[in-house]
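Report on the following structure.
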Amino acid sequence: MSETPPNTLQYRFDGPEDAPVLILGPSLGTTWHMWDRQVPELAQQWRVFRFDLPGHGGAPAHPAGSVAEIATRLLATLDGLGVQRFGYAGCAFGGAVGIELALRHPERLASLALIAASPRFGTADEFRQRGVIVRTNGLDPIARSSPERWFTGGYAAAQPAITEWAVQMVRTTDPGCYISACEALAAFDVRGELGRVGVPTLVLVGSDDQVTGPAEARTLVAGIPDARLAVVPGASHLVPVEQPAAVTDLLVRHFTTAWQAAPDATSTGQIPVPAHPAAHPVPVSGPVAAPVQPGPAQPPQSAPIAEIAPAPVVPPQAQGRPDQYDAGLKVRREVLGDGHVDQALAQADEFSGDFQEFLTRYAWGEIWDRPGLDRRSRSCVTLTALVAGGHLDELAPHLRAALRNGLTPGEIKEVLLQAAVYCGVPAANGAFRVAQQVIREETTPPE
């Protein structure tokens, strides 16, 4: 156990002090106890390191706004402990952290296992919507629905104690940290970078996972050069809990056969696990898991190959102020949501296309992206201006944006009451009708 400064993570160790370190990363809404059934066997060969996400499992509530920030805190924690090189297995959010480590800090990683993971988790809108629900209703709706996302129906019915454990684990998470983690997953998208993951990787998924299922797992295997797929039958999203023996067996086999030694193993202070050839498959026996499939064959390389591209020639007209279109499109999607923006751009034609480009570049790239006001404040200003101008047809998407930007329904009510005084009761009356409907739709938990 540990005391936890804001830039590190709460952690615990199990296993021999002189063994190589194997890190187990948790899923969103869980604690390190999701790995309890794996630890006894893994700790026979490895120094097992488990950590909690901020605000989970009693960890201090220091929210992290990105997957990269969690990876940075993890490395800071390991640096303080003198751990330089390690194997890593992560489930769902923990898998995203593993991919981030493989892409940004490959020198630290000896081997990787991604469980119930994806290069992009659903859509950004889905996770921002979840944040709206938590901000409005607390974590209870998410907690009550977690067993159906995490476990197969038969398992949940047969294991009521574990089902209740899952509900309580989510319910006791800090809401602000949960919302920040949702924002981190909303922004996480490494689909175009998988080819740079350079360590042996096991991709493991439950056959019945409806959250990040076999399709997402196959995307990872197709993109990562040295990756293998294992599908565990009879398991859903939280497969280490539902099928602990199968997951433990697969992890032991993977990390004992696919562990890359550090360039200078003596400098790490750890005992390296003997590495087998990269093409050696992870054997799976018995009924617990489907055969592990190798990824695309890659030519042997003694060292990573890099190509230095010539500096692009910048045309004279582009050497002044940078074009804000791309930045504006990013902000526009973050605030209004992918669905709304995709629909607006799809409806644009030769006549209206220039106007959509104008909106993206100037309204969103120049104004909404300015640092002088935060997005909550800009939403307040925007709602008031729309009410004042009588633009109720534009109000609904900006009410949804305000909820995503962190305003609560109570705060939106105060904005509209203020607008009633200064913009007129009839305008506010129409705005309240629109807001009532939008808030009901956006904050009602899914059944």
Side-chain angles (χ1 to χ4, degrees), residues 1-36 38-39 42-43 45-115 117 169 172-174 176-178 180-181 183-185 188 199 240 251 255 259-260 262 265 267-273:
M1 297 289 291
S2 63
E3 295 183 3
T4 312
N7 66 330
T8 59
L9 298 173
Q10 177 171 282
Y11 69 89
R12 67 170 290 167
F13 271 119
D14 295 277
E17 293 186 4
D18 59 349
V21 173
L22 176 60
I23 297 175
L24 302 179
S27 178
L28 174 61
T30 73
T31 72
W32 63 43
H33 290 295
M34 66 162 285
W35 297 104
D36 280 352
Q38 281 72 44
V39 167
L42 294 178
Q45 299 184 56
W46 291 280
R47 179 75 162 154
V48 177
F49 176 102
R50 289 182 281 172
F51 66 91
D52 279 329
L53 296 172
H56 291 59
H62 303 307
S66 68
V67 173
E69 186 174 347
I70 294 293
T72 299
R73 293 189 193 182
L74 174 59
L75 291 178
T77 307
L78 295 171
D79 289 345
L81 297 166
V83 176
Q84 291 302 310
R85 194 162 172 83
F86 48 84
Y88 184 95
C91 182
F93 192 107
V97 174
I99 299 173
E100 182 72 20
L101 290 169
L103 290 172
R104 320 299 172 207
H105 307 278
E107 74 285 353
R108 305 291 292 269
L109 206 57
S111 190
L112 178 65
L114 304 174
I115 302 168
M169 191 164 45
T172 56
T173 299
D174 177 76
C177 288
Y178 190 95
S180 292
E183 290 290 334
L185 288 178
F188 183 76
V199 294
L251 292 180
F255 285 111
W259 187 289
Q260 289 183 344
S267 67
T268 66
Q270 301 169 37
I271 301 173
V273 175

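Listed by chain and residue number, nothing satisfies the ring-ring contact (aromatic ring centres under 6.0 Å, His included) test with Phe93 (two or more places apart in sequence, or in another chain). Applying the side chain to side chain contact (heavy atoms under 4.5 Å, CB included) test to Glu183 and every residue at least two apart in sequence or in another chain returns Arg128. Remark: Ser27 pairs with Thr30, Met34, Cys91, Ala92, His237, Leu238 by the side chain to side chain contact (heavy atoms under 4.5 Å, CB included) rule, at least two apart or across chains. Here Tyr178 pairs with Arg130 under the side-chain hydrogen bond (donor to acceptor under 3.5 Å, both in side chains) rule; sequence neighbours left out. Remark: Ala89 pairs with Leu24, Ala113, Leu251, Phe255 by the side chain to side chain contact (heavy atoms under 4.5 Å, CB included) rule, at least two apart or across chains. Residues passing the salt bridge (charged side-chain N to carboxylate O under 4.0 Å, His left out) test with Arg47, sequence neighbours excluded: none. Listed by chain and residue number, His33, Arg50 satisfy the side-chain hydrogen bond (donor to acceptor under 3.5 Å, both in side chains) test with Asp36 (two or more places apart in sequence, or in another chain). For Asp52, the side chain to side chain contact (heavy atoms under 4.5 Å, CB included) partners at least two apart in sequence or on another chain are Gln10, Thr31, Trp32, Ala59.
Applying the side chain to side chain donor-acceptor pair (under 3.5 Å) test to pairs two or more places apart or on separate chains, those with a residue in residues 93-102 are Glu100-Arg104. Residues in residues 74-84 take part in these salt bridge (charged side-chain N to carboxylate O under 4.0 Å, His left out) pairs, two or more places apart or across chains: Asp79-Arg108. Screening residues 57-70 for salt bridge (charged side-chain N to carboxylate O under 4.0 Å, His left out) gives Glu69-Arg73 as the qualifying pairs, with residues at least two apart or on separate chains.
Proximity of a side-chain donor or acceptor of His56 to a complementary backbone N or O of Gly29 within less than 3.5 Å is detected. Checked by atom type and distance alone, the side chain of Tyr11 never pairs as donor or acceptor with a backbone atom of Leu74 at under 3.5 Å.
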Checklist entry - Stepwise, does the side-chain contact (heavy atoms from CB on, under 4.5 Å) test hold for Phe51 with Thr77? => result CA-CA 10 Å; Phe51 66 91; Thr77 307; over 6 Å; no
Next on the checklist: Does Leu75 form a side-chain contact (heavy atoms from CB on, under 4.5 Å) with Leu101? I'd like the steps, not just the answer.
Outcome noted: CA-CA 9 Å; Leu75 291 178; Leu101 290 169; 3.9 Å; yes
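Side-chain contact between Leu28 and Thr173: absent, with no pair of heavy atoms (C-beta onward) separated by less than 4.5 Å. Taking the side chain as every heavy atom from C-beta outward, Trp46 and Val21 never approach each other to under 4.5 Å. In this structure the side chain of Asp174 never reaches within 4.5 angstrom of the side chain of Pro54, judged on heavy atoms.
Taking each heavy atom of Leu53 and Pro26 in turn, the nearest pair found is CG-CG, 4.0 Å. Smallest separation of non-hydrogen atoms from Ala76 and Asn7: CB-O, 3.6 Å.
Relative ring orientation between Phe13 and Phe49 is described as perpendicular, the plane-to-plane angle rising above 60° on a 0-90° scale split at 30° and 60°.
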